[in-house]
Amino acid sequence: MQSKVLNVLQERQSIQMLSVQPDTKPKGCAGCNRKIKDRYLLKALDKYWHEDCLKCACCDCRLGEVGSTLYTKANLILCRRDYLRLFGVTGNCAACSKLIPAFEMVMRAKENVYHLDCFACQLCNQRFCVGDKFFLKNNMILCQTDYEEGLMKEGYAPQVR
């Protein structure tokens with residue numbers, strides 16, 4: 001596990017936006033090999049770039065606009081979404097059993113992972129809001145009402161999350 005985390009950290013690189021000083025010699029762009037005469041330039045991977053030249057190899061988004069991080073792997077420069085789509089770990093939703101793409105936001109309860117839309121009471125389908133209590137019984141997510149009704153009927157022990 002630790003080596004995998006280190007590997008991802010080595011693949012993530014920062015992007016800096018720098019103001020070009022008028023009295024300095026123009027730097028060459030690593031993307032197009034032309035001089036950077038713009039007001040701003042990007043520094044990433046120890047090289048200088050035009051804002052238009054530092055793009056994701058998959059979706060062509062301008063990396064300086066989508067954040068301060070880029071990812072590299074297999075000689076590709078990628079945005080976070082495409083990096084996770086290509087190289088991230090996927091899994092299955094504990095509620096619907098369908099695949100969860102690595103780039104998708106998820107909810108977790110113990111070792112279970114859920115699509116955001118699937119994270120609801122599995123008896124009444126009530127969606128949870130931030131701060132709501134939910135209960136986990138036999139790997140089922142329950143709202144407080146359904147949990148308490150079951151508690152009255154069956155007498156099971158709470159696992160509040």
Side-chain angles (χ1 to χ4, degrees), residues 1-20 27-34 36 38-144 147 159-161:
M1 178 73 171
Q2 189 175 12
S3 63
K4 185 163 182 77
V5 172
L6 274 175
N7 193 21
V8 170
L9 290 177
Q10 291 170 349
E11 294 164 355
R12 183 174 53 195
Q13 303 286 323
S14 66
I15 302 171
Q16 293 176 294
M17 179 173 279
L18 304 172
S19 178
V20 176
K27 300 188 181 332
C29 175
C32 68
N33 295 319
R34 287 182 281 171
I36 302 173
D38 302 343
R39 185 173 177 187
Y40 297 99
L41 59 82
L42 299 175
K43 183 177 182 185
L45 303 170
D46 294 324
K47 298 175 185 173
Y48 297 98
W49 307 77
H50 288 105
E51 291 178 83
D52 288 337
C53 292
L54 187 59
K55 296 189 276 190
C56 174
C58 287
C59 70
D60 246 9
C61 72
R62 291 172 42 161
L63 293 171
E65 291 179 355
V66 296
S68 60
T69 305
L70 63 81
Y71 295 80
T72 60
K73 188 161 183 172
N75 292 323
L76 297 170
I77 297 174
L78 302 164
C79 66
R80 182 180 190 276
R81 181 180 172 92
D82 285 326
Y83 173 82
L84 290 174
R85 184 176 58 80
L86 294 171
F87 303 108
V89 178
T90 61
N92 292 328
C93 176
C96 72
S97 300
K98 292 180 183 171
L99 185 69
I100 301 174
F103 59 82
E104 193 171 304
M105 296 286 285
V106 296
M107 292 298 291
R108 295 180 186 275
K110 293 206 172 194
E111 43 303 311
N112 297 334
V113 182
Y114 302 86
H115 293 107
L116 292 180
D117 289 340
C118 293
F119 194 71
C121 177
Q122 291 176 308
L123 292 180
C124 70
N125 293 321
Q126 174 190 329
R127 300 280 311 268
F128 297 107
C129 296
V130 175
D132 285 351
K133 283 185 181 178
F134 67 89
F135 299 82
L136 198 58
K137 179 193 180 269
N138 299 329
N139 278 333
M140 283 182 60
I141 302 171
L142 301 173
C143 67
Q144 189 162 2
Y147 177 77
Q159 293 182 16
V160 179
R161 289 282 161 230

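Both backbone and side-chain heavy atoms feed into the values below; hydrogens, waters and symmetry mates do not.
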Side chains of Arg80 and Val66, heavy atoms from C-beta outward: is any pair under 4.5 Å? no
Nearest 0.5 angstrom please: Leu70 CG to Ile15 CD1, how far? 4.5 Å
If you take all heavy atoms of Tyr114 and Ala94, which pair is closest and at what distance? CE2-CB, 3.6 Å
CD1 of Ile141 to CG of Leu136, rounded to nearest 0.5 Å, is 7.0 Å
Aromatic rings Phe134 and Phe119: how do their planes relate, parallel, tilted or perpendicular, breaks at 30° and 60°? perpendicular
To the nearest 0.5 Å, what is the distance between OG (Ser68) and CD (Gln16)? 10.0 Å
Please report the C-alpha distance between Met107 and Asn112 in whole Å, then the side-chain angles of each, then the deciding distance to 0.1 Å, and finally whether the side-chain contact (heavy atoms from CB on, under 4.5 Å) criterion is met. CA-CA 8 Å; Met107 292 298 291; Asn112 297 334; over 6 Å; no
With sequence neighbours left out, the residues meeting side-chain hydrogen bond (donor to acceptor under 3.5 Å, both in side chains) with Glu104 are none
Compare all side-chain heavy atoms of Phe128 with those of Cys121 and state whether any distance is below 4.5 angstrom. yes
Point-to-point distance, once rounded to the nearest 0.5 Å, from CZ of Arg34 to SG of Cys29: 8.0 Å
Would a 4.5 Å heavy-atom cut-off, applied to side chains only, mark Asp82 and Leu76 as touching? no
To the nearest 0.5 Å, what is the distance between CG on Leu123 and CE on Met140? 4.0 Å
Do Asn92 and Leu99 make a side-chain contact, defined as non-hydrogen atoms from C-beta onward lying under 4.5 Å apart? yes
For residues 41-59, which side-chain N or O atoms pair as donor and acceptor with protein atoms under 3.5 Å away, sequence neighbours left out?
residue: Trp49; atom: NE1; partner: Ala44; partner atom: O; Å: 3.0
residue: His50; atom: NE2; partner: Lys35; partner atom: O; Å: 3.3
residue: Asp52; atom: OD1; partner: Arg62; partner atom: NH1; Å: 2.5

In Å, rounded to the nearest 0.5 Å, how long is the span from CD of Gln144 to CD of Gln126? 9.5 Å
